[in-house]
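Scope of the values below: all heavy atoms of this structure, side chains included, with no hydrogens, waters or symmetry mates. None of these values were measured; they are calculated from a predicted model. Note on naming: letters A, B, ... go to the chains in the order of the sequence lines (proteins, then strands), and numbering restarts at 1 for each one.
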Amino acid sequence: MVTDRREFLIGGGRVLLIASAAASGALKYVLAGAAEQAPGYVLDDHWWAMTIDIDRCIGCGNCVRACKAENDVPREPFFFRTWVERYHLPEGDVDRPVVDSPDGGFDGFKELYRPGDGSKNFYVPKLCNHCAHSPCVQVCPVGATFDSPDGVVLVDKTYCLGCRYCVQACPYGCRFIDPRTRTVDKCTFCYHRITKGLTTACCEVCPTDARVLGDLKNPSDRIHAFLREHTIHVLKPQMATGAKVYYADLDGSVR
Amino acid sequence: MAHDFRDFEHLLRLVAIFVVGFALFIVVRAMLVPDDFGVYGHFRAGALDDNRQRPLAHAGAAACSDCHDDVVNSRAGGGHEKVRCEACHGPLAAHADDPSAQAPELPNPGTVCLKCHLPAMAKPATFPQVDPTEHADNEPCDTCHLPHSPRLEEG
(Lines give C-alpha, C1' and ligand atoms only; values in the text may rest on other atoms or scores of the structure.)
Protein backbone atom coordinates (compact mmCIF):
# COMPACT_ATOMS: atom_id res chain seq x y z
CA MET A 1 0.00 0.00 0.00
CA VAL A 2 1.37 3.37 -1.02
CA THR A 3 0.77 6.23 1.41
CA ASP A 4 0.84 9.71 -0.07
CA ARG A 5 1.66 12.80 1.91
CA ARG A 6 -1.99 13.86 2.30
CA GLU A 7 -3.08 10.55 3.84
CA PHE A 8 -0.04 10.47 6.11
CA LEU A 9 -0.74 13.95 7.50
CA ILE A 10 -4.42 13.21 8.10
CA GLY A 11 -3.62 9.93 9.85
CA GLY A 12 -0.82 11.47 11.91
CA GLY A 13 -3.05 14.38 12.89
CA ARG A 14 -5.70 12.01 14.20
CA VAL A 15 -3.19 10.11 16.30
CA LEU A 16 -1.84 13.39 17.73
CA LEU A 17 -5.36 14.60 18.52
CA ILE A 18 -6.27 11.41 20.41
CA ALA A 19 -2.92 11.33 22.24
CA SER A 20 -3.20 14.94 23.40
CA ALA A 21 -6.78 14.39 24.56
CA ALA A 22 -5.62 11.38 26.58
CA ALA A 23 -2.68 13.36 27.99
CA SER A 24 -4.89 16.23 29.12
CA GLY A 25 -7.15 13.70 30.79
CA ALA A 26 -4.18 12.20 32.62
CA LEU A 27 -2.86 15.59 33.68
CA LYS A 28 -5.29 15.87 36.58
CA TYR A 29 -3.92 12.61 37.98
CA VAL A 30 -0.38 13.91 37.62
CA LEU A 31 -1.28 17.11 39.43
CA ALA A 32 -3.22 15.21 42.10
CA GLY A 33 -0.04 14.06 43.86
CA ALA A 34 0.84 17.66 44.62
CA ALA A 35 -2.56 19.25 45.17
CA GLU A 36 -3.23 19.73 48.87
CA GLN A 37 -6.21 20.78 50.88
CA ALA A 38 -4.58 21.01 54.29
CA PRO A 39 -1.82 23.61 54.43
CA GLY A 40 1.58 22.06 54.88
CA TYR A 41 0.26 18.49 54.69
CA VAL A 42 1.39 16.56 51.61
CA LEU A 43 -0.48 13.28 51.14
CA ASP A 44 2.39 11.58 49.37
CA ASP A 45 4.84 12.29 52.20
CA HIS A 46 3.10 10.01 54.72
CA TRP A 47 2.32 6.34 55.22
CA TRP A 48 0.67 5.95 58.58
CA ALA A 49 1.01 2.94 60.86
CA MET A 50 0.78 2.16 64.56
CA THR A 51 2.86 0.13 66.95
CA ILE A 52 1.36 -1.59 69.99
CA ASP A 53 3.69 -2.83 72.68
CA ILE A 54 1.87 -5.63 74.52
CA ASP A 55 4.45 -5.50 77.32
CA ARG A 56 3.41 -1.94 78.11
CA CYS A 57 -0.38 -2.11 77.98
CA ILE A 58 -1.94 -1.88 81.44
CA GLY A 59 -5.58 -2.11 80.35
CA CYS A 60 -6.53 1.26 81.80
CA GLY A 61 -9.01 1.94 79.00
CA ASN A 62 -7.80 5.50 78.43
CA CYS A 63 -7.62 4.86 74.68
CA VAL A 64 -11.18 3.57 74.53
CA ARG A 65 -12.57 6.57 76.41
CA ALA A 66 -10.48 9.09 74.48
CA CYS A 67 -11.49 7.57 71.15
CA LYS A 68 -15.17 7.79 71.97
CA ALA A 69 -14.80 11.42 73.07
CA GLU A 70 -12.65 12.44 70.14
CA ASN A 71 -14.68 10.77 67.42
CA ASP A 72 -18.20 10.98 68.83
CA VAL A 73 -18.56 7.20 68.87
CA PRO A 74 -21.98 6.09 70.21
CA ARG A 75 -21.73 5.54 73.95
CA GLU A 76 -23.53 2.19 73.90
CA PRO A 77 -21.07 -0.51 74.90
CA PHE A 78 -21.05 -2.33 71.58
CA PHE A 79 -19.79 0.43 69.30
CA PHE A 80 -16.04 0.82 69.29
CA ARG A 81 -13.39 2.23 67.02
CA THR A 82 -10.83 0.85 69.43
CA TRP A 83 -11.21 -1.55 72.31
CA VAL A 84 -9.03 -3.58 74.67
CA GLU A 85 -9.25 -7.35 75.12
CA ARG A 86 -7.93 -9.29 78.07
CA TYR A 87 -6.40 -12.67 77.31
CA HIS A 88 -6.30 -15.36 79.97
CA LEU A 89 -4.36 -18.53 79.21
CA PRO A 90 -5.04 -21.13 81.90
CA GLU A 91 -2.05 -23.16 82.99
CA GLY A 92 -1.20 -25.83 80.47
CA ASP A 93 -3.82 -24.71 77.97
CA VAL A 94 -2.13 -22.18 75.74
CA ASP A 95 -4.31 -23.00 72.73
CA ARG A 96 -7.64 -21.97 74.16
CA PRO A 97 -7.42 -18.45 75.56
CA VAL A 98 -10.31 -17.02 77.55
CA VAL A 99 -10.91 -13.55 76.12
CA ASP A 100 -13.05 -10.86 77.67
CA SER A 101 -13.54 -7.19 76.96
CA PRO A 102 -16.16 -5.71 79.32
CA ASP A 103 -17.60 -2.66 77.53
CA GLY A 104 -14.51 -2.79 75.33
CA GLY A 105 -12.42 -1.92 78.37
CA PHE A 106 -14.15 1.47 78.64
CA ASP A 107 -14.16 1.27 82.45
CA GLY A 108 -11.01 -0.80 82.75
CA PHE A 109 -11.03 -4.43 83.88
CA LYS A 110 -12.25 -5.99 87.11
CA GLU A 111 -9.83 -8.65 88.31
CA LEU A 112 -11.29 -12.10 87.55
CA TYR A 113 -8.22 -14.25 88.14
CA ARG A 114 -6.22 -15.15 91.22
CA PRO A 115 -2.50 -14.55 91.50
CA GLY A 116 -0.57 -17.79 91.53
CA ASP A 117 -3.08 -19.78 89.46
CA GLY A 118 -0.40 -20.43 86.87
CA SER A 119 -2.21 -18.55 84.13
CA LYS A 120 -0.77 -16.10 81.65
CA ASN A 121 -2.66 -12.83 81.33
CA PHE A 122 -2.21 -9.80 79.13
CA TYR A 123 -4.13 -7.04 77.38
CA VAL A 124 -4.46 -6.62 73.62
CA PRO A 125 -5.67 -3.25 72.35
CA LYS A 126 -7.38 -3.53 69.01
CA LEU A 127 -8.39 -1.11 66.30
CA CYS A 128 -8.59 -0.89 62.53
CA ASN A 129 -5.35 -2.30 61.12
CA HIS A 130 -5.42 0.13 58.18
CA CYS A 131 -4.48 -2.69 55.85
CA ALA A 132 -2.55 -1.90 52.71
CA HIS A 133 -4.71 -4.49 50.92
CA SER A 134 -7.97 -4.10 52.80
CA PRO A 135 -10.71 -6.68 52.32
CA CYS A 136 -13.24 -4.02 53.32
CA VAL A 137 -12.17 -1.70 50.51
CA GLN A 138 -12.34 -4.49 47.97
CA VAL A 139 -15.96 -5.35 48.73
CA CYS A 140 -17.41 -1.84 48.88
CA PRO A 141 -19.77 -1.64 45.89
CA VAL A 142 -19.89 2.16 45.71
CA GLY A 143 -16.37 3.39 46.46
CA ALA A 144 -17.44 4.66 49.89
CA THR A 145 -14.56 3.04 51.76
CA PHE A 146 -11.09 3.49 50.43
CA ASP A 147 -7.35 3.51 51.06
CA SER A 148 -6.17 7.09 51.25
CA PRO A 149 -2.88 7.92 49.51
CA ASP A 150 -1.28 8.32 52.95
CA GLY A 151 -2.19 4.81 54.06
CA VAL A 152 -5.38 5.28 56.07
CA VAL A 153 -8.60 3.37 55.40
CA LEU A 154 -11.38 5.95 55.43
CA VAL A 155 -15.13 6.09 54.83
CA ASP A 156 -17.00 8.53 52.62
CA LYS A 157 -20.17 8.96 54.68
CA THR A 158 -22.01 10.63 51.82
CA TYR A 159 -21.47 7.59 49.61
CA CYS A 160 -21.98 4.80 52.12
CA LEU A 161 -25.21 2.87 51.57
CA GLY A 162 -25.01 0.99 54.86
CA CYS A 163 -24.99 -2.35 53.03
CA ARG A 164 -22.66 -3.93 55.66
CA TYR A 165 -20.50 -5.80 53.13
CA CYS A 166 -17.41 -4.22 54.65
CA VAL A 167 -18.52 -5.05 58.20
CA GLN A 168 -18.54 -8.70 57.22
CA ALA A 169 -15.38 -8.47 55.14
CA CYS A 170 -13.20 -7.02 57.91
CA PRO A 171 -11.32 -9.96 59.45
CA TYR A 172 -10.65 -7.92 62.58
CA GLY A 173 -14.21 -6.87 63.41
CA CYS A 174 -13.27 -3.22 63.34
CA ARG A 175 -16.37 -1.80 61.67
CA PHE A 176 -19.88 -1.06 62.86
CA ILE A 177 -22.98 0.67 61.54
CA ASP A 178 -23.57 3.96 63.34
CA PRO A 179 -27.22 3.77 64.40
CA ARG A 180 -27.63 7.55 64.01
CA THR A 181 -26.47 7.87 60.41
CA ARG A 182 -26.94 4.22 59.33
CA THR A 183 -23.59 4.43 57.62
CA VAL A 184 -20.50 2.46 58.50
CA ASP A 185 -18.05 3.87 61.02
CA LYS A 186 -14.51 2.88 61.93
CA CYS A 187 -11.16 4.10 63.17
CA THR A 188 -9.75 6.84 60.95
CA PHE A 189 -6.36 7.00 62.72
CA CYS A 190 -7.85 10.34 63.87
CA TYR A 191 -7.39 11.67 60.34
CA HIS A 192 -8.45 15.14 61.51
CA ARG A 193 -5.57 15.10 64.00
CA ILE A 194 -2.71 13.44 62.14
CA THR A 195 -3.14 15.77 59.16
CA LYS A 196 -2.66 18.68 61.58
CA GLY A 197 0.55 17.31 63.06
CA LEU A 198 -1.06 15.84 66.19
CA THR A 199 -1.06 12.19 67.17
CA THR A 200 -4.22 10.11 67.47
CA ALA A 201 -6.41 10.56 70.55
CA CYS A 202 -5.65 7.03 71.78
CA CYS A 203 -1.90 7.54 71.52
CA GLU A 204 -2.19 10.99 73.09
CA VAL A 205 -3.72 9.60 76.28
CA CYS A 206 -1.85 6.29 76.48
CA PRO A 207 0.05 6.69 79.77
CA THR A 208 2.65 4.02 79.05
CA ASP A 209 3.18 4.69 75.34
CA ALA A 210 1.96 1.17 74.64
CA ARG A 211 0.47 2.48 71.42
CA VAL A 212 2.34 4.96 69.28
CA LEU A 213 1.44 6.33 65.88
CA GLY A 214 4.20 6.14 63.29
CA ASP A 215 4.87 7.45 59.83
CA LEU A 216 6.67 4.85 57.76
CA LYS A 217 7.64 7.43 55.13
CA ASN A 218 9.43 9.58 57.69
CA PRO A 219 12.98 8.25 57.95
CA SER A 220 13.52 9.83 61.39
CA ASP A 221 10.34 8.36 62.91
CA ARG A 222 10.95 6.10 65.91
CA ILE A 223 8.77 3.41 64.30
CA HIS A 224 11.69 2.17 62.20
CA ALA A 225 13.85 1.49 65.26
CA PHE A 226 10.86 0.00 67.06
CA LEU A 227 10.13 -2.47 64.25
CA ARG A 228 13.79 -3.39 64.08
CA GLU A 229 14.32 -3.91 67.80
CA HIS A 230 11.17 -5.81 68.75
CA THR A 231 9.59 -9.11 67.85
CA ILE A 232 6.82 -7.88 65.58
CA HIS A 233 3.60 -9.62 64.65
CA VAL A 234 0.46 -8.48 62.85
CA LEU A 235 -3.00 -9.93 63.45
CA LYS A 236 -4.07 -12.69 61.05
CA PRO A 237 -1.00 -12.54 58.81
CA GLN A 238 -2.32 -15.56 56.89
CA MET A 239 -4.99 -13.31 55.38
CA ALA A 240 -2.35 -11.16 53.67
CA THR A 241 -4.18 -7.95 54.45
CA GLY A 242 -1.00 -5.90 54.75
CA ALA A 243 -2.03 -4.82 58.26
CA LYS A 244 -0.19 -1.72 59.48
CA VAL A 245 -0.86 -2.08 63.20
CA TYR A 246 2.30 -3.77 64.40
CA TYR A 247 2.19 -5.66 67.70
CA ALA A 248 5.38 -6.12 69.67
CA ASP A 249 5.75 -9.34 71.67
CA LEU A 250 2.26 -10.53 70.81
CA ASP A 251 1.38 -14.00 72.06
CA GLY A 252 0.60 -16.58 69.39
CA SER A 253 -2.74 -17.31 71.02
CA VAL A 254 -4.15 -13.93 69.99
CA ARG A 255 -6.69 -14.25 67.22
CA MET B 1 -29.29 -1.89 -6.01
CA ALA B 2 -32.44 -0.83 -4.12
CA HIS B 3 -32.46 -4.25 -2.47
CA ASP B 4 -28.88 -3.72 -1.16
CA PHE B 5 -29.81 -0.32 0.27
CA ARG B 6 -32.66 -1.74 2.41
CA ASP B 7 -30.32 -4.27 4.03
CA PHE B 8 -27.88 -1.54 4.88
CA GLU B 9 -30.60 0.71 6.32
CA HIS B 10 -31.64 -1.58 9.19
CA LEU B 11 -28.03 -1.67 10.35
CA LEU B 12 -28.00 2.13 10.39
CA ARG B 13 -30.96 2.14 12.74
CA LEU B 14 -29.16 -0.21 15.10
CA VAL B 15 -26.07 1.97 15.02
CA ALA B 16 -28.17 5.07 15.66
CA ILE B 17 -29.82 3.46 18.71
CA PHE B 18 -26.41 2.40 20.03
CA VAL B 19 -24.93 5.87 19.49
CA VAL B 20 -27.85 7.60 21.22
CA GLY B 21 -27.71 5.13 24.09
CA PHE B 22 -23.98 5.59 24.50
CA ALA B 23 -24.29 9.38 24.40
CA LEU B 24 -27.03 9.21 27.00
CA PHE B 25 -24.82 7.05 29.22
CA ILE B 26 -21.94 9.53 28.91
CA VAL B 27 -24.18 12.50 29.76
CA VAL B 28 -25.90 10.83 32.71
CA ARG B 29 -22.60 9.54 34.07
CA ALA B 30 -21.01 12.98 33.80
CA MET B 31 -23.94 14.44 35.74
CA LEU B 32 -23.91 11.81 38.50
CA VAL B 33 -20.17 11.28 39.12
CA PRO B 34 -18.53 14.15 41.02
CA ASP B 35 -15.53 15.81 39.38
CA ASP B 36 -13.17 14.71 42.12
CA PHE B 37 -14.12 11.02 41.93
CA GLY B 38 -11.14 8.97 40.85
CA VAL B 39 -8.49 11.62 41.42
CA TYR B 40 -6.59 9.38 43.87
CA GLY B 41 -8.41 6.10 43.29
CA HIS B 42 -11.88 4.64 43.22
CA PHE B 43 -13.35 7.16 45.66
CA ARG B 44 -14.33 10.82 45.97
CA ALA B 45 -11.21 12.86 46.78
CA GLY B 46 -13.36 15.30 48.76
CA ALA B 47 -13.99 12.53 51.29
CA LEU B 48 -10.42 13.11 52.56
CA ASP B 49 -11.41 16.65 53.46
CA ASP B 50 -14.68 15.45 54.99
CA ASN B 51 -12.69 13.22 57.30
CA ARG B 52 -10.46 16.17 58.20
CA GLN B 53 -13.35 18.40 59.18
CA ARG B 54 -14.03 16.84 62.59
CA PRO B 55 -13.29 19.25 65.44
CA LEU B 56 -10.61 18.31 67.96
CA ALA B 57 -11.58 17.02 71.40
CA HIS B 58 -8.04 16.47 72.69
CA ALA B 59 -5.76 19.48 72.35
CA GLY B 60 -2.47 17.59 72.60
CA ALA B 61 0.27 18.05 75.18
CA ALA B 62 2.04 20.73 73.13
CA ALA B 63 -0.99 23.00 73.47
CA CYS B 64 -1.04 22.50 77.26
CA SER B 65 2.58 23.48 77.70
CA ASP B 66 1.96 26.78 75.89
CA CYS B 67 0.36 28.10 79.08
CA HIS B 68 1.09 25.52 81.77
CA ASP B 69 4.82 25.35 81.33
CA ASP B 70 5.35 25.28 85.11
CA VAL B 71 3.22 22.15 85.57
CA VAL B 72 4.81 20.43 82.60
CA ASN B 73 8.28 21.17 83.96
CA SER B 74 7.36 20.02 87.47
CA ARG B 75 7.13 16.48 86.10
CA ALA B 76 10.72 16.44 84.89
CA GLY B 77 12.61 13.40 86.11
CA GLY B 78 9.51 11.89 87.74
CA GLY B 79 7.64 8.71 86.91
CA HIS B 80 4.90 10.68 85.17
CA GLU B 81 7.19 12.77 83.02
CA LYS B 82 6.07 11.14 79.80
CA VAL B 83 2.37 10.84 80.63
CA ARG B 84 0.58 13.48 78.60
CA CYS B 85 -1.81 15.87 80.33
CA GLU B 86 -5.06 14.65 78.84
CA ALA B 87 -4.39 11.08 79.97
CA CYS B 88 -5.61 12.14 83.43
CA HIS B 89 -7.28 15.50 82.84
CA GLY B 90 -9.52 14.36 79.98
CA PRO B 91 -10.18 15.94 76.59
CA LEU B 92 -9.56 19.69 76.80
CA ALA B 93 -9.43 21.09 73.27
CA ALA B 94 -12.26 23.53 74.07
CA HIS B 95 -10.24 24.80 77.04
CA ALA B 96 -7.12 25.16 74.90
CA ASP B 97 -9.05 27.17 72.30
CA ASP B 98 -10.58 29.49 74.88
CA PRO B 99 -9.64 28.94 78.55
CA SER B 100 -12.83 30.66 79.73
CA ALA B 101 -15.05 28.37 77.66
CA GLN B 102 -14.29 25.17 79.55
CA ALA B 103 -12.96 25.01 83.08
CA PRO B 104 -11.17 21.68 83.47
CA GLU B 105 -12.26 19.59 86.41
CA LEU B 106 -9.57 18.44 88.76
CA PRO B 107 -9.33 14.65 88.59
CA ASN B 108 -10.37 12.89 91.79
CA PRO B 109 -7.11 11.80 93.48
CA GLY B 110 -8.97 8.91 95.09
CA THR B 111 -9.80 7.26 91.77
CA VAL B 112 -7.73 8.70 88.93
CA CYS B 113 -4.50 7.04 90.07
CA LEU B 114 -6.17 3.66 90.47
CA LYS B 115 -7.24 3.63 86.81
CA CYS B 116 -3.65 2.68 86.08
CA HIS B 117 -2.11 1.53 89.35
CA LEU B 118 -4.66 -0.95 90.73
CA PRO B 119 -3.01 -4.38 90.78
CA ALA B 120 -4.07 -6.80 88.03
CA MET B 121 -2.83 -10.14 86.81
CA ALA B 122 -2.73 -8.99 83.21
CA LYS B 123 -0.61 -5.92 83.85
CA PRO B 124 3.08 -6.13 83.03
CA ALA B 125 4.93 -7.14 86.18
CA THR B 126 7.29 -4.17 85.85
CA PHE B 127 4.45 -1.67 86.09
CA PRO B 128 4.02 -0.14 89.58
CA GLN B 129 0.82 -1.56 91.10
CA VAL B 130 -0.61 -0.65 94.47
CA ASP B 131 -3.49 -2.03 96.51
CA PRO B 132 -4.90 1.14 98.12
CA THR B 133 -6.29 -0.73 101.15
CA GLU B 134 -3.07 -2.53 101.92
CA HIS B 135 -0.82 0.40 101.04
CA ALA B 136 -2.55 3.36 102.67
CA ASP B 137 -5.83 2.24 104.22
CA ASN B 138 -7.70 3.84 101.29
CA GLU B 139 -6.31 7.32 101.91
CA PRO B 140 -6.36 9.38 98.69
CA CYS B 141 -3.01 9.06 96.94
CA ASP B 142 -2.30 12.80 97.00
CA THR B 143 -2.09 12.69 100.80
CA CYS B 144 1.53 11.67 100.31
CA HIS B 145 2.24 11.75 96.55
CA LEU B 146 2.36 14.66 94.16
CA PRO B 147 0.34 13.50 91.12
CA HIS B 148 2.68 15.24 88.67
CA SER B 149 5.79 13.73 90.23
CA PRO B 150 4.68 10.88 92.47
CA ARG B 151 8.01 9.57 93.73
CA LEU B 152 8.46 10.46 97.40
CA GLU B 153 11.55 12.48 98.20
CA GLU B 154 13.90 10.95 100.75
CA GLY B 155 13.96 12.54 104.18
Side-chain angles (χ1 to χ4, degrees), chain A residues 28-29 32-33 35 37-38 43 54-62 65-66 69-72 86-88 108-109 111-115 117 119 121-123 137 140 143-149 152 154-159 188 190-193 195-196 198-199 201 204-209, chain B residues 32-64 79-94 96 111-129 131:
Chain A
K28 70 172 180 178
Y29 296 98
Q37 303 93 323
L43 282 174
I54 294 294
D55 292 341
R56 284 173 171 268
C57 181
I58 56 169
C60 63
N62 257 5
R65 291 186 290 273
E70 183 74 38
N71 296 299
D72 191 25
R86 170 169 54 187
Y87 274 68
H88 170 74
F109 292 81
E111 187 59 281
L112 296 179
Y113 310 113
R114 302 259 297 278
D117 64 0
S119 64
N121 302 275
F122 52 92
Y123 300 107
V137 170
C140 180
T145 186
F146 56 93
D147 290 309
S148 77
V152 182
L154 294 172
V155 175
D156 183 347
K157 295 251 174 186
T158 62
Y159 263 40
T188 61
C190 283
Y191 201 63
H192 59 297
R193 298 176 62 85
T195 52
K196 294 187 183 89
L198 296 164
T199 187
E204 176 71 32
V205 301
C206 180
T208 59
D209 281 336
Chain B
L32 291 180
V33 177
D35 281 347
D36 58 348
F37 194 95
V39 175
Y40 299 114
H42 188 71
F43 63 93
R44 196 172 55 86
L48 290 170
D49 269 348
D50 292 354
N51 273 286
R52 272 195 201 114
Q53 293 312 316
R54 177 175 289 288
L56 294 179
H58 294 77
C64 307
H80 287 169
E81 184 178 9
K82 287 183 178 156
V83 180
R84 286 161 295 274
C85 314
E86 284 160 316
C88 303
H89 292 276
L92 288 169
T111 56
V112 70
C113 310
L114 300 180
K115 272 195 319 185
C116 295
H117 291 289
L118 212 57
M121 290 276 285
K123 283 181 186 175
T126 50
F127 184 77
Q129 300 165 49
D131 185 330

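A:Arg56 contributes a side-chain N or O that, together with a main-chain N or O of A:Thr208, makes up a donor-acceptor pair within less than 3.5 Å.
Both the backbone and the side chain of A:Ile58 come within less than 4.5 Å of a heavy atom in chain B. Heavy-atom distances place no part of B:Ala63 under 4.5 Å from chain A, backbone and side chain included. In this structure, the portion of A:Asn62 lying under 4.5 Å from any heavy atom of chain B is its side chain and not its backbone. Heavy-atom distances place both the backbone and the side chain of A:Pro207 under 4.5 Å from chain B. For A:Cys190, no part lies under 4.5 angstrom from a heavy atom of chain B. Interface residue A:Val155: only backbone heavy atoms are found under 4.5 Å from chain B. Interface remark: B:Phe43 contributes backbone and side-chain atoms alike to the contact with chain A (heavy atom separation under 4.5 Å). Contact of A:Thr158 with chain B is made through the side chain alone, with heavy-atom distances under 4.5 Å. For a residue to count as touching a neighbouring chain, one of its non-hydrogen atoms must lie under 4.5 Å from one of that chain's; by this rule A:Glu70 touches chain B with backbone and side chain alike.
Under the 6.0 Å cut-off for aromatic ring centres, A:Phe146 and A:Tyr159 do not qualify, their centroids lying 6.0 Å or more apart.
In this pair, B:Phe37 and B:His42 present their aromatic rings perpendicular. The plane angle is above 60°, beyond the 30 to 60° band.
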